[in-house]
Amino acid sequence: MKHKIKILHLEDAPFDAELIERELKKGKINPEILVVPNKATFIGALKDFSYDIILSDHSLASFDSHEALRLVKEAGITVPFILVTAAMTDEFAAKIMKEGAYDYILKDHLHHLPSAVINSIEKQRLKALQQAVHERLVFHIENTPLGLIEWDNQLHIKSLSKRAEEIFGWSLKEFNGAEKTGYSKIYQEDLGWISKMANQLLTGAVERNIVQSRHYTRDGKSIWCEWFNSVLKDKDGKVVTIMSLVQDITESKTFDERLKYNDTRLKEAQATAHVGNWEIDLVNNTEVWSDEIYKILGADEALVLSIELFLSFIHPDDLNHVKRAFKAFQNASLDYKLLLKDGVVKYVYSTWGIEYDKNKKPIRTHGILQDISERKLAEIERTKMVNDLTQRNKDLEQFSYIISHNLRAPVANIIGASVALSDSALSKKEKEALSNGINESARKLDSVVNDLNNILQVKLETHATKEKVFFSELVEDIKISIKNLISNNSVEIKYDFTEINNFLTLKPYLHSIFYNLISNSVKYRRQQIPCIIKIKSSLVKNKIELIFTDNGMGIDLKKRGDQVFGLYKRFHTNIEGKGMGLFMVKAQVEALGGKISIESAENKGTEFKIEFEL
Amino acid sequence: MSTNLKYIIVDDDPFNNIICRMIIRRTLGEVDTETFTIPEEGLAFIKQKYTTCSSHTILFLDINMPSLTGWQFLERYEKFSDKVKMQINVYLHSSSVNPHDRDKAKANKNVIGFILKPLSSEAILSISEKEF
């Protein structure tokens with residue numbers, strides 16, 4: 001079986017052409033030959049080219065084989081080109097082969113020609129096949145999102161696929177230009193560990209790795225890339241090439257980063273606002289409790305929170321109403337207290353919502369927990385302050401009414417009496433009574449003004465120097481100053497200051513307090529029985545407690561309890577008094593930062609308790 | 001003007017009571033006037049006297065008194081029979097300028113009015129006119 005081969009033969013010697021045709025037919029070839037003798041006919045034949053091979057003599061009258069080969073290449077013709085010539089040097093042969101000739105045959109050895117033709121055609125067929133495979137491979141590589149980069153063992157880029165160029169924007173020349181290696185295109189922060197990873201590959205420590213890193217593109221953006229790197233070694237095991245497939249993952253990375261960022265921001269916002277959130281999937285039975293909830297509860301992070309566990313943090317005062325609200329399975333918001341494991345009480349605000357499926361079955365519940373302790377405590381403090389101020393204001397108002405009343409009473413008497421005096425019908429005795437009355441009223445007026453002075457003095461003198469005052473000395477002094485009162489009546493004063501006998505304070509005030517309480521007990525004693533006054537001091541926590549007890553007339557506190565310490569309040573018509581004593585005692589106790597309270601029963605006795613902060 | 005008109009004054013300040021007596025006498029001539037410095041005694045007098053006899057009386061009642069305030073006096077007075085109360089018109093008589101006292105006086109159905117001390121002839125005349 002003979003191969004049918006179409007041949008274009010450039011030859012200007014018809015004898016040689018015939019000789020060659022005969023030689024080909026001798027081989028296993030059935031040639032179909034067009035012989036062209038010059039340049040013009042050769043160029044004509046290259047148009048609409050349909051030959052399997054070109055045979056060419058070297059030197060023709062008009063041109064030579066070099067030019068012929070050049071024309072063939074220019075026309076994009078890839079069929080084998082074989083030089084068939086009379087004689088040539090080795091240099092010439094090497095040169096023509098380098099230019100792309102498949103083979104050369106000397107006219108003296110034409111018997112080699114048939115096999116040279118067949119081999120060349122076969123060689124060209126394989127080459128075309130290889131080319132097609134290569135082109136397909138390149139096509140694939142260039143149409144994946146992966147860029148392909150090949151590095152030498154100095155990390156110079158050897159080749160760069162089109163896609164890789166698109167990712168970075170740098171051409172191969174620019175990559176290896178001024179900077180020599182690809183390192184300068186790496187994001188600064190990543191530089192250190194990337195060079196470590198690259199060294200592991202270069203030293204052969206690892207054969208392949210996957211790396212995510214940031215890089216600068218030609219237009220100055222930074223991008224995230226994922227690299228699949230592997231090494232190629234020569235037969236001695238030395239690394240010659242690193243092959244990298246690289247993908248731009250900026251978009252997904254940015255998305256991840258944003259998720260992470262949002263999560264961080266959410267946590268920060270929760271921490272700043274002291275708000276935690278939780279959600280419970282009632283279908284899948286999963287629960288999520290945010291970090292801030294743990295913080296608010298003061299719970300260990302290792303603790304796995306659940307509704308039941310959460311309820312155990314709620315203050316017993318509020319547990320029932322929170323439980324009730326929760327079991328109602330409705331959207332709700334409420335304030336309540338927490339009692340933490342370390343005994344700390346926190347105020348929180350909670351609001352939650354319930355989601356239902358189309359059958360109205362609850363499927364998800366979610367809510368927030370906010371620590372409002374700061375605000376709540378400030379609110380409580382403020383309410384207390386407002387109450388205190390309101391009370392003080394009321395007291396002051398009361399005080400001014402009382403003062404005005406007590407100033408007006410004698411003034412009214414003086415006015416009334418002076419009107420009455422103008423009655424000419426008055427007897428001498430009546431005139432005298434009026435005149436005495438006016439005098440007494442004027443004195444009363446004066447005494448009220450004096451009282452007012454004393455009261456105001458209490459508020460002014462609190463800055464005076466404090467001294468150590470011994471209770472027992474105080475009582476002994478008072479005993480001497482009211483000696484007559486005590487000895488004329490059967491009065492006994494007992495005291496027990498063993499627990500604490502002194503107090504750093506303003507002595508005149510404490511003296512006045514002791515004096516008023518003791519003299520009151522004497523004044524309001526029961527006539528039928530001996531008067532016994534007991535005074536005892538004790539230390540309770542960080543307070544001094546002074547208790548004055550007597551067995552006197554007592555006061556019905558149910559009736560007049562609110563007025564005991566009132567200014568000009570008197571309870572006994574038959575005993576001398578202005579209603580100043582207890583008012584002054586209370587004012588002075590309070591000026592010293594203390595508190596006074598009273599217990600009393602009619603015809604049994606009275607007990608005053610005074611507390612001072614130490 | 002009826003001659004059997006009576007005055008009762010309950011006030012712990014004896015001098016006030018003397019002045020009141022004189023102003024009343026000066027305005028109306030000799031009138032039957034009772035004064036009490038201890039309110040309990042005043043109550044006892046009213047209870048005893050007014051359940052048996054009948055006479056139209058004006059009561060001047062002080063507010064600030066040590067053993068029994070004017071208000072406590074009125075609480076006890078309230079418990080008296082209507083027959084007693086119908087005969088007596090109560091006026092609070094005080095030197096208090098506290099509006100709270102005036103409001104409280106207005107709100108008490110047994111109190112006709114509030115007279116600021118000192119008592120004057122004009123006040124007595126205006127009360128007498130209203131009474132008859």
Side-chain angles (χ1 to χ4, degrees), chain A residues 394 397-427 429-445 448 555-556 559-560 562-563 566-579, chain B residues 9-30 33 35-42 60 62-73 75-76 92-104 114-124:
Chain A
K394 267 191 205 153
E397 198 178 86
Q398 247 0 76
F399 178 76
S400 62
Y401 282 132
I402 290 164
I403 288 295
S404 100
H405 172 269
N406 283 274
L407 285 171
R408 277 212 83 247
V411 169
N413 277 351
I414 291 168
I415 297 170
S418 54
V419 170
L421 264 179
S422 66
D423 187 351
S424 52
L426 289 177
S427 69
K429 210 177 153 195
E430 281 171 332
K431 277 186 181 164
E432 212 176 87
L434 282 175
S435 139
N436 285 342
I438 288 173
N439 196 284
E440 198 191 320
S441 294
R443 280 178 204 282
K444 259 191 201 159
L445 198 54
V448 170
I555 306 164
D556 183 354
K559 225 161 68 181
R560 312 287 299 266
D562 55 333
Q563 297 173 357
L567 180 58
Y568 297 127
K569 294 296 175 195
R570 296 180 52 231
F571 303 96
H572 303 280
T573 324
N574 48 344
I575 297 163
E576 275 290 303
K578 286 199 297 184
Chain B
I9 298 158
V10 177
D11 195 316
D12 64 315
D13 178 4
F15 187 49
N16 170 72
N17 296 351
I18 293 172
I19 295 167
C20 286
R21 268 179 191 279
M22 290 183 177
I23 299 287
I24 291 166
R25 192 184 64 194
R26 190 179 150 167
T27 313
L28 304 172
E30 287 296 338
T33 304
T35 62
F36 299 94
T37 51
I38 296 170
E40 288 88 340
E41 288 174 6
F60 291 135
D62 185 25
I63 298 172
N64 284 291
M65 294 180 288
S67 62
L68 202 65
T69 68
W71 306 116
Q72 286 167 333
F73 181 99
E75 277 169 31
R76 297 195 193 176
L92 288 178
H93 185 220
S94 169
S95 58
S96 168
V97 288
N98 188 345
H100 175 70
D101 285 337
R102 284 166 184 263
D103 292 346
K104 212 167 157 191
F114 187 99
I115 300 163
L116 194 65
K117 285 181 183 175
L119 187 62
S120 64
S121 295
E122 291 76 24
I124 290 170

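Residue numbering restarts at 1 for every chain, and letters A, B, ... go by the order of the sequence lines.
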Full working for side-chain contact (heavy atoms from CB on, under 4.5 Å) between Ile24(B) and Ile9(B): CA-CA 11 Å; Ile24(B) 291 166; Ile9(B) 298 158; 4.0 Å; yes
Working for side-chain contact (heavy atoms from CB on, under 4.5 Å), residues Leu445(A) and Leu407(A): CA-CA 6 Å; Leu445(A) 198 54; Leu407(A) 285 171; 3.9 Å; yes
Top contributor to chain A interface from Asn64(B), Ile19(B), Asn98(B) [non-hydrogen pairs under 4.5 Å]: Asn98(B)
When the 4.5 angstrom heavy-atom criterion is applied to Glu440(A) and chain B, the contacting part is neither
For Ile63(B), is it the side chain, the backbone, both or neither that has a heavy atom under 4.5 Å from a heavy atom of chain A? neither
Do Arg21(B) and Asn17(B) meet the criterion of a side-chain donor-acceptor pair at a distance under 3.5 Å? no
Side-chain heavy atoms of Lys117(B) within contact of Asp11(B), under 4.5 Å: yes
Measure the shortest side-chain to side-chain distance between Met22(B) and Ile18(B) over non-hydrogen atoms and say whether it is less than 4.5 angstrom. yes
Turns out that what part of Ser400(A) lies under 4.5 Å from chain B's heavy atoms comes down to neither
Would you mind telling me which of Ala417(A), Ala412(A), Ser404(A) has the largest number of heavy-atom pairs within less than 4.5 Å of chain B? Ala412(A)
Which bit of Ser422(A) is near chain B, if near means a heavy-atom gap under 4.5 Å: side chain, backbone, both or neither? both
Please classify the contact of Asp101(B) with chain A as side chain, backbone, both or neither, using a heavy-atom distance under 4.5 Å. neither
So, Asp62(B) and Asn16(B): side-chain donor and acceptor under 3.5 Å apart, yes or no? no
